[in-house]
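So the structure is just underneath, and the comments pick up after that.
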Amino acid sequence: MIDRRTDAKRRLPPLPNAVEGNVVTRLPPEPSGFMHIGHALSGLINYLYKEMYGGKVWLRFEDTDPRKVRPEYYDSYRDGYSWVGIRWDHEKNNSDDMELFYRNARRLVEGGKAYACTCGRDEMRRLRSDGIPCDHRSQPPEVNLELWDGMLEGRYSEGEVSLRLVGDMSSTNTTLRDPVIMRVVDAVHPLTGDRYRVWPTYDYAVSIEDAICGITHVLRTSEFMLRDELQNLIRRYLGMSNPTFVEYERFEFEGTPVSRREIRSLIERGLVSGWNDPRLATIASIRRRGILPQALKEFVERYVALTQSRKVYSWDLLYAINRRHVDDLASRMFFVKDPMKLKLDGIGELDVDLPLHPTRNLGNRRLRVTGEFYVPAEDLKTVGEGGRVRLKHLCNFTLKSVTDKLAEGVAELGPPEPGLKVIQWVPVNEAVEVQVLIPGRLFNPDGAFNEESLEIVNGIAERTVNSLEVGSHVQFERFGYCVKDSLPKTFILSHR
RNA sequence: GCUCCGGUAGUAUAGUCCGGUCAAGUAUGCGGGCCUCUCGAGCCCGAGACCCGGGUUCAAAUCCCGGCCGGAGCACCA
């Protein structure tokens, strides 16, 4: 018997209607923009359930709006999902199945479940909103077929004719009010070029695809909730079976925009540097700032709930998990912010080997010391003249004098003296200048842009940091976990 | 405006379906301590919540009604 009060080993809750060995889920990105953390979390949910029960996951691109789809985004999702550790069993694009959508559309028309409508956009919107059917709804099937064939043959231009489902014009669920299922789009598709100009709409394409992919569980965010009924109706007309739906609220993080529109506007206004700005929550951003995929996975298992309540996560929740993962692989190095020069008597020239990690066997780095160091000014000032301090792994010293520019002291090499403040240091002859970018929240709780969202800290680091590869994790002792960035001399703080 | 959905500590959640074992568990954050040659990791202790008002009941976080607050949908986008 498990104590219900402990969730130390918390996992995803059981999936309704799940059959062991046969849970088929899907990753359904629209390749029209960059992948962000919300996609990753949702993708992980779909993947982890498939792993939990055994089954398959599909990667299926929802690319039926040629105007929005861009070729580069297909890869952005493939890369992103792979990076978070998802391995999908099958991959396809909705745009692969145009003939299938056409065939089924014809079946619907023939069966009286769809009709060709020539109402203008505004007219259609008005009637739908009032719940009133238009005359086209009661056209004889021959007329509908004639018009449908005309669409396929290219006799109509965009907006002139569209194929509509016979739904329920008076339903309170407005998605059911005879939605358009096929329409003419005069745009070149990145995958199919100009081969097709009649495209399915989302609900129609998804209904059919979910059925033919054998999806057993649709796990998605709740903006789709009202669509369940419509999609089931389409499948009923077509004699296809329905999946189980599990819908949950979108995942947001405090002070961080999620919508592409918002992000684009920040970029255009120059408030962030681009789609991979470390303050953003795109996959490119969180990778760049050192969030590990394992941390995302653990985050899903520990903190995600498949409920409809609003979720705005605190970044701290993710950081705490990430910190534990990163702690094992981050080399320890010295970085001094607001440095002050310290001259120590009693130390000659010598080479010292310092461990790269306190507990793991990551090896050492060697520093040559001469008696002149950069150390944090603040530490010396708090200790004051006459005070005693420890340079970590090196020596104890007594501070003799401190001015604004220089401090002097007398050192004794040897083991640490209990009770002394232990500080990091960089030999003057081993010093390199670096900057650390500290990303913060982009928006304050009141919604205003946070002018201090990116802090830049300049300081001195030990030369060893030059040998770090871009993307590698390092812990600047007494400062925080950072990632070596591709920008020259730059590190990005992951978190303290 | 119409239609849905939600509201447990600062944050995320467990518990809500099948009312009592919940004077409400966990994680994170916060305060304190231990340990440690880091302000990290690890360990221990502490403070901190059932949106409001009615009702039903011996008993309500859990059921009912009303209110308030929040979110979503209402495209020939997905």
Side-chain angles (χ1 to χ4, degrees), chain A residues 3-10 13 28-33 61-65 67-69 94 117 119-121 124-125 128-129 131 158-164 171-177 179-185 198-206 220-227 247 249-254 299 302-305 307-321 323-324 326-328 330 332 334 354-355 357-360 376 379 390-396 415-418 420-424 445 475-481 495-496:
Chain A
D3 186 348
R4 71 192 163 87
R5 291 182 164 207
T6 106
D7 73 342
K9 303 220 163 59
R10 189 164 179 259
E30 180 191 27
S32 64
F61 288 99
E62 308 275 352
D63 58 351
T64 50
D65 185 354
R67 236 186 278 283
K68 288 176 72 184
V69 173
N94 284 357
C117 180
C119 290
R121 255 174 217 267
M124 193 189 294
R125 186 171 319 158
R128 290 192 77 203
S129 131
E158 216 169 292
E160 247 185 297
V161 192
S162 59
L163 200 64
R164 289 228 256 164
S171 174
T172 53
N173 180 348
T174 49
T175 65
L176 254 27
R177 324 241 262 228
V180 168
I181 55 172
M182 281 290 198
R183 82 295 201 186
V184 175
V185 182
V198 178
W199 288 88
T201 55
Y202 169 74
D203 289 294
Y204 179 63
V206 159
R220 51 153 58 142
T221 47
S222 47
E223 66 257 33
F224 299 102
M225 219 154 33
L226 264 13
R227 315 250 145 209
E247 279 144 350
E249 266 301 310
R250 265 203 329 216
F251 308 112
E252 293 183 54
F253 284 80
E254 271 178 356
F299 182 84
R302 294 176 62 125
Y303 290 124
V304 154
T307 64
Q308 318 265 15
S309 56
R310 187 168 189 217
K311 298 159 171 61
V312 184
Y313 292 94
S314 155
W315 282 101
D316 285 331
L317 259 15
L318 216 207
Y319 294 162
I321 296 171
R323 189 180 294 120
R324 280 191 286 271
V326 119
D327 188 66
D328 273 354
R332 267 52 174 183
F334 290 155
L354 308 171
H357 197 278
T359 54
R360 312 201 73 213
D379 287 321
R390 167 87 181 160
L391 294 188
K392 190 168 183 180
H393 297 306
L394 183 67
C395 66
N396 308 317
E417 180 180 313
L420 289 196
K421 181 194 262 290
V422 178
I423 65 171
Q424 78 277 33
Q475 189 211 49
F476 287 143
E477 295 206 38
R478 305 212 302 144
F479 184 81
Y481 294 94
H495 37 70
R496 301 287 173 190

### Task
Would you please enumerate the stems RNA chain B participates in, each stem being three or more consecutive Watson-Crick or G-U wobble pairs with both distances under 3.5 Å?
B:1-7 with B:68-74, B:10-13 with B:25-28, B:30-34 with B:42-46, B:51-55 with B:63-67
### Query
How would you list, by chain and number, every residue that makes a ring-ring contact (aromatic ring centres under 6.0 Å, His included) with A:F476, sequence neighbours excluded?
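ring-ring contact (aromatic ring centres under 6.0 Å, His included) check on A:F476 returns A:F335, A:F491.
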### Message
A:Y202: which residues meet the ring-ring contact (aromatic ring centres under 6.0 Å, His included) condition with it, sequence neighbours left out?
### Response
A:F224
#### Entry: Nearest-angstrom distance, P atom, B:rU26 to B:rG48
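Looking at atom P only, B:rU26 and B:rG48 are 14 Å apart.
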### Message
With rounding to the closest Å, how many angstrom separate the C1' atoms on B:rU16 and B:rC22?
### Response
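So the two C1' atoms sit 12 Å from each other.
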## Note on the structure
Sorted by chain and number, sequence neighbours left out, salt bridge (Lys or Arg N to Asp or Glu O under 4.0 Å) with A:K311 holds for none
Counting the atoms with a prime plus P, OP1 and OP2 as sugar-phosphate, which does [X] contact under 4.0 Å by heavy atoms, base, sugar-phosphate, or nothing?
X	result
A:C119	base
A:V312	sugar-phosphate
A:T221	nothing

### Message
At under 4.0 Å between heavy atoms, how does the protein contact nucleotides 33-42 of chain B? Give one character per nucleotide, 5' to 3', with B, S or -.
### Response
----BBBBSS
Give me, pair by pair, the N or O atoms of the protein and of nucleotides 68-75 of chain B that are less than 3.5 Å apart, along with how far apart they are.
from   : atom 1 : to     : atom 2 : distance (Å)
B:rG71 : O2'    : A:E249 : OE1    : 3.4
B:rC74 : OP1    : A:R227 : NH2    : 3.3
B:rC74 : O2'    : A:T174 : OG1    : 3.4

### Message
By nearest atom, which of the nucleotides B:rA78, B:rC76, B:rU28 is closest to the A:S162 side chain?
### Response
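For A:S162, the side-chain atoms sit closest to B:rC76.
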